[in-house]
2 protein chains.
Amino acid sequence: MVGTTAARRVSVRDQVVAEATRLFAASGFGATPLQDIADAVGISKPAVLHHFPSKEHIRLGVMEAIFAHWREQLPRLLLSATESHARFDSVFGEVYRFFAANPDRARFVAREVLDRPAQARAMLGTIVPMLRGIAGYIRAGLGEKADDVDPDAYVIHIMQLVISASTMADVTSVMLGDGAEGRARYDRELARIAKASLFGRRGARARETASPPSKKSAKPRRRRA
Amino acid sequence: MVGTTAARRVSVRDQVVAEATRLFAASGFGATPLQDIADAVGISKPAVLHHFPSKEHIRLGVMEAIFAHWREQLPRLLLSATESHARFDSVFGEVYRFFAANPDRARFVAREVLDRPAQARAMLGTIVPMLRGIAGYIRAGLGEKADDVDPDAYVIHIMQLVISASTMADVTSVMLGDGAEGRARYDRELARIAKASLFGRRGARARETASPPSKKSAKPRRRRA
DNA sequence: TCTCTTCCTTACCATTTGGTAGGTAATACT
DNA sequence: AGTATTACCTACCAAATGGTAAGGAAGAGA
């Protein structure tokens with residue numbers, strides 16, 4: 001019948017994880033029936049449970065996939081430019097794009113933090129060393145005189161900001177407008193806050209190279225709606 | 001209209017809303033059985049449905065209570081100090097304390113944004129005029145030369161930051177430590193980011209009056225789980 | 001006392017849903 | 001070919017859960 005083992009490029013298991021990620025992100029773990037996942041993949045419900053012992057294991061699979069992906073992507077940050085402003089743009093852009101590229105990831109993580117704080121803590125723990133690495137670069141880049149900045153806390157807050165931005169953008173657009181321009185203002189201000197709080201308004205403005213993590217068109221003008 | 005018997009200290013209806021807020025915040029709307037709310041209040045499940053036509057109406061009651069509370073509190077911001085730095089501290093402190101004083105509110109709002117974006121949008125819409133008022137003050141306080149700041153977007157992001165901070169603090173403490181000092185660093189950096197991104201690092205440091213929004217009222221909140 | 005209203009109870013129902021039983025067809029292995 | 005394994009199916013079950021039915025206690029007003 002329909003393409004069996006040979007024609008199967010992506011394993012059914014991976015499809016389950018992918019669809020579950022999307023559905024969990026949209027409706028939440030508890031509100032997503034196993035049947036919906038099965039339907040999305042195109043198999044029966046017991047077939048899903050053939051690949052995972054339980055629904056709970058699907059959730060773990062989704063979470064592990066996200067963090068594994070992130071653990072794989074994050075090290076690229078550590079190879080970024082050496083000049084502090086350029087490095088900042090690079091690092092911020094990487095983090096931003098990781099979540100913005102697929103809001104499902106941000107939504108899922110946000111839900112896990114709410115629903116299962118203890119497990120979310122454990123998962124976050126697996127990337128703490130890398131976050132500390134980023135914080136270390138910030139500390140080194142700013143030098144001794146920046147004793148008002150707390151790099152560890154800063155990294156945490158910016159990660160939060162990016163996650164919540166990816167999560168809430170569709171809701172907060174009621175204030176800035178739903179169009180592309182509203183979203184552009186939103187993204188630009190997010191990048192500005194992240195940068196200006198580190199280098200100061202002057203420093204951030206002086207090098208406005210990568211304020212909005214390269215959307216399509218960066219409109220430098222700003223208007224009231 | 002329903003003045004009802006005066007003997008009642010706190011109406012059962014209000015108790016239902018209060019307990020539902022706590023439970024919905026902790027576990028989510030879908031994952032909170034009606035029975036749990038009934039148990040928390042100390043009545044039977046059908047008794048809960050005597051006060052609310054359905055579980056859905058309880059959710060609406062919780063949301064309305066939160067936003068009504070906020071709509072009532074926010075105007076105080078508009079009476080704050082006139083000097084821009086002092087006003088900032090005042091406004092930021094108000095927003096921060098509103099959510100930090102009761103993390104359930106932040107958690108509930110965060111969940112609503114994830115689960116029911118359209119309704120969350122509508123609710124946010126009811127406070128947009130006030131947010132624009134705050135943005136207007138920021139615009140006026142900074143003057144013409146601060147054309148890099150987008151006050152409307154700024155207000156949205158800071159609100160997001162405060163909400164997500166109240167929501168995720170218990171998880172992110174894995175990086176900064178669970179003790180009071182870790183939380184203090186967390187709060188201090190949050191305030192610093194909010195302020196420095198508006199006034200610049202120099203401006204923010206010059207007036208470090210209200211970095212960590214006094215925890216007097218928010219501190220003794222640790223019980224119940 | 002009788003009646004009406006409000007608030008609340010116990011019993012019950014219908015639906016949803018995670019998970020299981022047991023069988024079948026295709027594939028891999030020998 | 002013969003056998004074991006993998007992947008999947010239909011049918012089913014037990015638990016959880018939102019909501020309903022029907023009625024009782026308590027107070028107010030007559």
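Chain letters run A, B, ... following the sequence lines, proteins first and then strands; every chain starts at 1.
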Inset, instruction - Sorted by first residue and then second, give each salt bridge (charged side-chain N to carboxylate O under 4.0 Å, His left out) pair with at least one member in residues 24-33 of chain A; sequence neighbours left out. - result: none
Inset, instruction - Would you please test R111(A) and D104(A) for salt bridge (charged side-chain N to carboxylate O under 4.0 Å, His left out) and show each step? - result: CA-CA 10 Å; R111(A) 286 186 185 280; D104(A) 285 347; over 6 Å; no
Inset, instruction - May I ask you to list the residues of residues 42-66 of chain A, by number, that have any heavy atom positioned under 4.0 Å from an atom of DNA chain D? - result: I43(A), S44(A), P46(A), A47(A), H50(A), H51(A)
Legend entry - ring pair (Phe, Tyr, Trp, His ring centres under 6.0 Å) contacts touching residues 156-185 of chain A (sequence neighbours left out): H157(A)-Y186(B)
Legend entry - Results of ring pair (Phe, Tyr, Trp, His ring centres under 6.0 Å) for F67(A) - residues two or more places apart only: none
Legend entry - Nucleotide dC8(D), atom C1' - distance to CZ of R13(A) in whole Å: 17 Å
Legend entry - Residues in contact with DNA chain C, drawn from residues 28-37 of chain A - heavy-atom cutoff 4.0 Å: T32(A), P33(A), L34(A)
Legend entry - Set of ring pair (Phe, Tyr, Trp, His ring centres under 6.0 Å) partners for Y154(A), sequence neighbours left out: none
Inset, instruction - Could you list all the side-chain hydrogen bond (donor to acceptor under 3.5 Å, both in side chains) pairs where at least one residue sits in residues 42-52 of chain A, not counting sequence neighbours? - result: none
Inset, instruction - Could you name each residue pair satisfying salt bridge (charged side-chain N to carboxylate O under 4.0 Å, His left out) that touches residues 18-39 of chain A, not counting sequence neighbours? - result: E19(A)-R22(A)
Inset, instruction - Quick one: which residue pairs count as a salt bridge (charged side-chain N to carboxylate O under 4.0 Å, His left out) with a foot in residues 50-62 of chain A, not counting sequence neighbours? - result: E56(A)-R59(A), R59(A)-E112(A)
